[in-house]
Protein chains: 2
Amino acid sequence: METLPDKTVERLSQYRRSLNNQLAKGKEHIFSHEIANLLHITSVQVRRDIMLIGYSGTLRKGYDIKELVDLIGKILDTDEGQKIAVVGMGNIGKAFIHYLYEKRSKLKVVAAFDVNPEKIDKSYADVYCYHLDKLKDIIAKENIKIGIITTPPQVAPEISDKLVDAGIKGILNYTPKPLSVPEGVYLEEYDMITSLEKVAYFVKKK
Amino acid sequence: METLPDKTVERLSQYRRSLNNQLAKGKEHIFSHEIANLLHITSVQVRRDIMLIGYSGTLRKGYDIKELVDLIGKILDTDEGQKIAVVGMGNIGKAFIHYLYEKRSKLKVVAAFDVNPEKIDKSYADVYCYHLDKLKDIIAKENIKIGIITTPPQVAPEISDKLVDAGIKGILNYTPKPLSVPEGVYLEEYDMITSLEKVAYFVKKK
DNA sequence: AAAATATTGTTATTTTTTTAACAATAAGTT
DNA sequence: AACTTATTGTTAAAAAAATAACAATATTTT
Ligand SMILES: NC(=O)c1ccc[n+]([C@@H]2O[C@H](COP(=O)([O-])OP(=O)(O)OC[C@H]3O[C@@H](n4cnc5c(N)ncnc54)[C@H](O)[C@@H]3O)[C@@H](O)[C@H]2O)c1
Ligand SMILES: NC(=O)c1ccc[n+]([C@@H]2O[C@H](COP(=O)([O-])OP(=O)(O)OC[C@H]3O[C@@H](n4cnc5c(N)ncnc54)[C@H](O)[C@@H]3O)[C@@H](O)[C@H]2O)c1
């Protein structure tokens, strides 16, 4: 299948979560406008996304939730699951690890790295924290393909380079330091302060 | 001034941070392509954004960093600063409070709310945590206009309603539960899992 | 002083994303 | 059985965002 638009991929992740909730409630079929209401978007958007992934519902009955969830899984997940490394075991890093630990998902944090001796050689929610020096070895050994950076911003570029060098193919950067990665590595950045300043701006405008 | 595009606002926040770094290093002028390099975007984008806020540089000399930072401040900040409430003093809530505490910024968290007795009536990084029941009173008294939701997802809609009812004009939602707010309230949502699943998808595609 | 260069500011074009329009049709109603 | 309604799937249009093109011009070089 063609590579899906960024925004569609984001929504698929959200559809799946909501659909799983509905499944858990015993619901078996769902209409596009029902999905839309759950996510506070429009039903056209839902139908368009579903069209893009090549699924069809039945007229007057809607979509088979189970089938749709499975298909989204086929698109978003790999069969074996994907392994993740977290670099920087501070507030955000730990929060993330705990959070993912609770979910049974195809995405698993399997290693953490830090430089602070207090954090190293301990486990948090079953994730072992190694010294940064071990990064390349562990990533290779475990075949980890995704890295999350939650270190202080100053060191983020250096960590990013190390991750890329170790063979990582996707990076999620939570530091406010913009990174650059070579072609072939997918980079997603998020900055909480930017979000907050954006809200503040639009509040001010009102 | 016209309301700026969402994306431009996001970048202004990032420009300011980078520009402040440059100021601290003693740099006084900067070219569009230099800003672009710092943020790993294109210089056209930078010039276009700067055009939109109505600033002009000088040919062959670039932009006066101090002036640009001040102008961005005029656009993003209010003179008195803006007050923020955090609801849910868990991992993310606490991380945010600590983080903003370190920055001297026009954005200040002035109150936190929770329902867990262990969190209530204590201060974290100078932010006092009240019982949720006091939310309306404190928000009115302090004239808080922005709320950050970091509670468990199930209660997010209820918290959102309470915030809106208390007069909040902007909400930043970190729970994976989509919210809806009335016209006139600005809502920004962010979901870490969605980001991560997006990275995973594009890694898989490669 | 003329030519070359670097850089801005702006308009035009392209791409991406969202929204609207609507034809097709299964199911329900008269 | 004919009619109405609800809903999908898809194409078309609109809106938003990014990128490209380029004219204007201050500075530097020849
Ligand atoms: N906490 C927030 O609410 C918040 C908000 C916005 C942005 N951020 C950003 O997110 C990032 C993480 O924030 P946090 O609050 O978790 O920070 P933190 O200080 O709690 O954690 C940072 C961790 O990184 C480790 N570290 C330092 N240097 C390292 C290195 N070279 N290699 C590996 N690990 C290293 C530290 O030992 C520490 O454990 C920071 O960049 C921060 O600017 C945080
Ligand atoms: N931690 C992560 O990495 C992560 C990742 C993705 C999403 N999230 C989401 O972010 C949110 C916060 O995560 P967290 O790890 O900080 O959770 P947490 O459990 O550490 O904190 C939640 C806090 O909310 C409080 N709370 C519960 N009910 C409340 C109510 N009715 N009113 C006010 N406060 C209430 C709890 O007492 C607790 O202090 C959750 O919705 C979670 O799903 C977290």
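Chain letters run A, B, ... following the sequence lines, proteins first, then strands; residues in each count from 1. Computed from a prediction, not measured in an experiment: that's the story for all the values here.
Taking atom CD of E34(B) as the reference point, atom C1' of dA6(C) lies 12 Å away to the nearest angstrom. When rounded to the nearest whole Å, the span between CD1 of I50(B) and C1' of dG9(C) equals 11 Å. When rounded to the nearest whole Å, the span between CD1 of I53(B) and P of dG9(C) equals 11 Å. Rounded to a whole Å, the CG atom of N37(A) is 12 Å from the P atom of dT7(D). Taking atom CD1 on I41(A) and atom P on dA20(C), their separation rounds to 14 Å, with Å as the unit. Rounded to whole Å, the distance from CG on L52(B) to P on dT8(C) is 16 Å. Here the C1' atom of nucleotide dG9(C) and the NE2 atom of H33(B) are 16 Å apart, to the nearest Å. For R60(A) and dA24(C), the CZ to C1' distance is 13 Å, given to the nearest whole Å.
The closest side-chain donor-acceptor pair between K141(B) and N143(B), if any, does not fall under 3.5 angstrom.
Across the interface with DNA chain C, nearest-nucleotide mapping of G57(B) and L59(A) shows G57(B) to be the residue nearer the 5′ end.
The pair E188(A)-K198(B) meets the salt-bridge criterion, since a charged nitrogen lies less than 4.0 angstrom from a carboxylate oxygen.
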List every contact pair, protein side and nucleotides 16-22 of chain D side both N or O, where the distance is under 3.5 Å.
unit_1: dA18(D); atom_1: OP2; unit_2: R11(B); atom_2: NH1; d: 2.9
unit_1: dA18(D); atom_1: OP2; unit_2: R11(B); atom_2: NH2; d: 3.2
unit_1: dT19(D); atom_1: O4; unit_2: R48(B); atom_2: NE; d: 3.1

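Annotation: cation-pi pair K103(B)/Y101(B) absent, no NZ/CZ under 6.0 Å from the ring centroid and within 45° of its normal. With F96(B) as the aromatic partner, K94(B) does not meet the cation-pi criteria of under 6.0 angstrom to the ring centre and within 45 degrees of the ring axis.
Nucleic acid contact class of S32(A) (heavy atoms, under 4.0 Å, all strands): sugar-phosphate only. In this structure, S56(B) reaches the sugar-phosphate backbone alone: every heavy-atom distance under 4.0 Å involves primed, P, OP1 or OP2 atoms, never a base.
Between the CG atom in L39(A) and the NZ atom in K177(B) there is a gap of 9.5 Å [rounded to 0.5 Å].
A ring-centre distance under 6.0 Å is found for Y128(B) and Y130(B).
Screening R16(B), K108(B), K106(B) for a salt bridge (charged side-chain N to carboxylate O under 4.0 Å, His left out) involving D77(B) leaves a single residue, R16(B).
Ring orientation note: the planes of Y55(B) and Y63(B) are tilted relative to one another, at an angle of 30° to 60°.
Residues satisfying the side chain to side chain donor-acceptor pair (under 3.5 Å) test with D191(B), not counting sequence neighbours, are R17(A), T194(B).
Annotation: proximity of residues 187-196 of chain B to DNA chain D (heavy atom, distance under 4.0 Å) is found for no residue.
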